[in-house]
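Let me begin by presenting the structure, written as structure tokens, before commenting on it.
Chain letters run A, B, ... following the sequence lines, proteins first and then strands; every chain starts at 1. Predicted model, so just to flag it, every value in this text is computed and none were measured.
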Protein chains: 2
Amino acid sequence: MLSKKTKYGLKALAYLATVGDKEPVQIAEIAKHENISQKFLESILLTLRRNGFLGSKKGKGGGYYLIKDPSEILMTSVMRVLEGPIAMVPCVSLNFYEKCDDCPDEGECSVHKLMLQVRDSALEVYRNNTLADLIS
Amino acid sequence: MLSKKTKYGLKALAYLATVGDKEPVQIAEIAKHENISQKFLESILLTLRRNGFLGSKKGKGGGYYLIKDPSEILMTSVMRVLEGPIAMVPCVSLNFYEKCDDCPDEGECSVHKLMLQVRDSALEVYRNNTLADLIS
DNA sequence: CTTTTATCCTATAGTTTTAGTAGATTAATT
DNA sequence: AATTAATCTACTAAAACTATAGGATAAAAG
């Protein structure tokens with residue numbers, strides 16, 4: 001299941017992309033427009049900022065804004081930051097690889113074989129979608 | 001993330017498929033061979049039996065066995081029983097559809113648009129893989 | 001320089017899901 | 001009757017998820 005965090009984060013990014021201008025948008029406005037708990041959204045936007053997707057400005061007239069053009073924001077990177085690994089098991093993860101404790105030989109593992117395909121198909125989707133694609 | 005339940009269930013099915021004959025295999029043997037907690041595996045095999053994948057026999061010489069040929073066991077059905085919906089959000093689920101509380105219009109939702117593609121790509125993988133494919 | 005506005009940041013609490021454990025029961029075989 | 005192995009219910013510990021609380025910080029307006 002997609003976490004609420006990721007869902008809300010994506011919606012917030014999409015909202016910022018539709019607003020268009022690089023003018024800061026307040027958390028409260030995003031939260032209200034997308035029906036998200038403001039405090040929860042706050043922490044999500046913070047991680048998006050810390051990971052280079054958003055800029056922010058404090059005080060009156062402040063808020064969050066996209067740093068890059070929506071067409072340059074790939075879903076692979078957004079998903080990795082918000083949701084974590086794209087792979088469903090660590091042993092097929094490109095960026096978060098870990099060996100399974102219980103599995104003596106990955107080459108022989110049926111789960112490995114299946115999840116490799118799932119990872120590749122998901123990757124293809126995320127690589128083919130930028131933020132711009134989602135709002136058009 | 002793939003749950004341990006699904007992972008172990010898949011491994012157990014794969015093991016039963018490699019053993020081949022329709023002779024019952026004991027939980028203890030599967031658990032040992034696949035490095036799985038026996039009691040946990042017990043409950044997993046039970047749900048696989050209740051959902052028509054396995055047959056069982058009690059007493060000496062008893063155990064679990066595949067009811068169908070591995071080539072007739074689709075990953076779509078296995079995944080739905082063990083892991084639940086294939087879709088990452090209920091609003092794009094074929095078998096477990098639910099409307100989002102917060103989303104006024106699915107057609108306009110960026111998350112919906114993205115997750116539809118992810119679901120379709122995952123479905124294609126699961127539909128193209130039977131248990132037989134995983135052990136070859 | 002004070003007030004207001006809005007982000008920043010840490011800690012924590014409540015709920016749900018996951019991953020197992022315990023122990024008694026039932027059915028089949030010897 | 002004894003043994004073997006699945007069946008079933010209930011329970012628990014740990015982790016993850018979904019927030020919430022409350023103060024600190026920074027920018028702008030007056």
Side-chain angles (χ1 to χ4, degrees), chain A residues 1-12 16 23-32 34-67 81-85 88-90 96 100-102 111, chain B residues 1-12 16 23-51 53-67 81-85 88-90 96 98 100-102:
Chain A
M1 278 281 290
L2 197 75
S3 67
K4 301 269 184 189
K5 181 182 169 189
T6 303
K7 185 182 178 187
Y8 295 161
L10 280 171
K11 285 195 164 196
L16 288 175
E23 277 188 12
V25 180
Q26 295 168 28
I27 298 177
E29 181 184 333
I30 307 174
K32 192 177 175 191
E34 300 296 333
N35 295 304
I36 305 171
S37 146
Q38 178 166 341
K39 270 296 191 179
F40 191 22
L41 180 60
E42 202 178 300
S43 68
I44 298 169
L45 295 179
L46 210 51
T47 74
L48 285 173
R49 197 213 52 171
R50 285 176 176 152
N51 284 279
F53 295 101
L54 299 179
S56 65
K57 201 185 158 196
K58 286 185 177 179
K60 181 148 194 180
Y64 284 95
Y65 52 90
L66 290 176
I67 279 184
V81 162
L82 291 175
E83 190 75 3
M88 292 184 81
V89 282
F96 304 84
C100 294
D101 295 335
D102 52 303
V111 176
Chain B
M1 281 282 289
L2 197 74
S3 68
K4 302 268 185 192
K5 181 181 169 189
T6 303
K7 185 182 178 186
Y8 294 161
L10 281 171
K11 285 195 164 196
L16 289 174
E23 275 189 11
V25 179
Q26 295 168 28
I27 297 177
E29 181 184 335
I30 307 174
K32 193 177 174 190
H33 192 270
E34 301 295 333
N35 295 303
I36 304 171
S37 146
Q38 178 166 341
K39 269 296 191 179
F40 190 23
L41 180 60
E42 205 179 297
S43 68
I44 297 169
L45 295 178
L46 210 50
T47 74
L48 285 173
R49 196 213 53 170
R50 285 177 177 151
N51 283 279
F53 295 99
L54 300 178
S56 65
K57 201 184 158 196
K58 287 186 179 180
K60 181 152 193 178
Y64 284 95
Y65 51 91
L66 291 176
I67 281 184
V81 162
L82 291 175
E83 190 74 5
M88 291 184 80
V89 282
F96 303 85
E98 250 177 84
C100 295
D101 295 336
D102 51 305

Rounded distance (Å) that lies between atom P of C/dG20 and atom CG of A/D101: 11 Å
Distance check: side-chain N/O of B/R49 vs OP1/OP2 of D/dC8, anything under 4.0 Å? yes
5'-most contact on DNA chain C: B/K58 or B/S37, nearest heavy atom basis? B/S37
For B/I27 versus B/L41, what's the shortest heavy-atom pair and its separation? O-CD2, 3.9 Å
Which pair of non-hydrogen atoms, one from A/L66 and one from A/L54, has the smallest distance, and what is that distance? CD2-CD2, 3.6 Å
Are B/E29 and B/K32 close enough, and set up right, to give a salt bridge (Lys or Arg N to Asp or Glu O under 4.0 Å), and what steps lead you there? CA-CA 5 Å; B/E29 181 184 335; B/K32 193 177 174 190; over 6 Å; no
Start at the 5' end of DNA chain D and walk down; is the nucleotide closest to B/Q38 or to A/F40 reached first? B/Q38
If you look at every heavy atom in A/P24 and A/Y65, which pair is closest and at what distance? CG-CD2, 4.0 Å
For B/I44 and C/dT18, what is the distance between atoms CD1 and P respectively, to the nearest whole Å? 12 Å
Can you identify which nucleotide, out of C/dT29, D/dT18, C/dT5, has its nearest atom closest to the A/K60 side chain? C/dT5
Atom CD of B/E42 to atom C1' of D/dT4: distance rounded to whole Å? 13 Å
Looking at A/V111 and B/K11, what are the two nearest heavy atoms and their distance? CG2-CG, 3.8 Å
Using atom NZ of B/K4 as one end and atom C1' of C/dT17 as the other, report the distance to the nearest whole Å. 15 Å
In whole angstroms, the gap separating C1' of D/dA19 from CD1 of A/I27 amounts to 15 Å
Could you tell me whether A/L45 contacts a base, only the sugar-phosphate backbone, or nothing, with contacts defined as non-hydrogen atoms closer than 4.0 Å? nothing
note: A/N35, atom CG; D/dA19, atom C1'; distance rounded to Å ~ 16 Å
Assign A/K39 to base, sugar-phosphate, or nothing according to its heavy-atom contacts below 4.0 angstrom with the strands shown. base
Interatomic distance where NZ belongs to B/K7 and P belongs to C/dT17 [whole Å]: 22 Å
Using atom CZ of A/R50 as one end and atom P of C/dT7 as the other, report the distance to the nearest whole Å. 14 Å
Taking for each residue the nucleotide of DNA chain C with the nearest heavy atom, is it A/G59 or B/K57 whose nucleotide lies nearer the 5' end? A/G59
Taking 4.0 Å as the cut-off, does a side-chain nitrogen or oxygen of A/Y8 come that near to OP1 or OP2 on D/dA19? yes
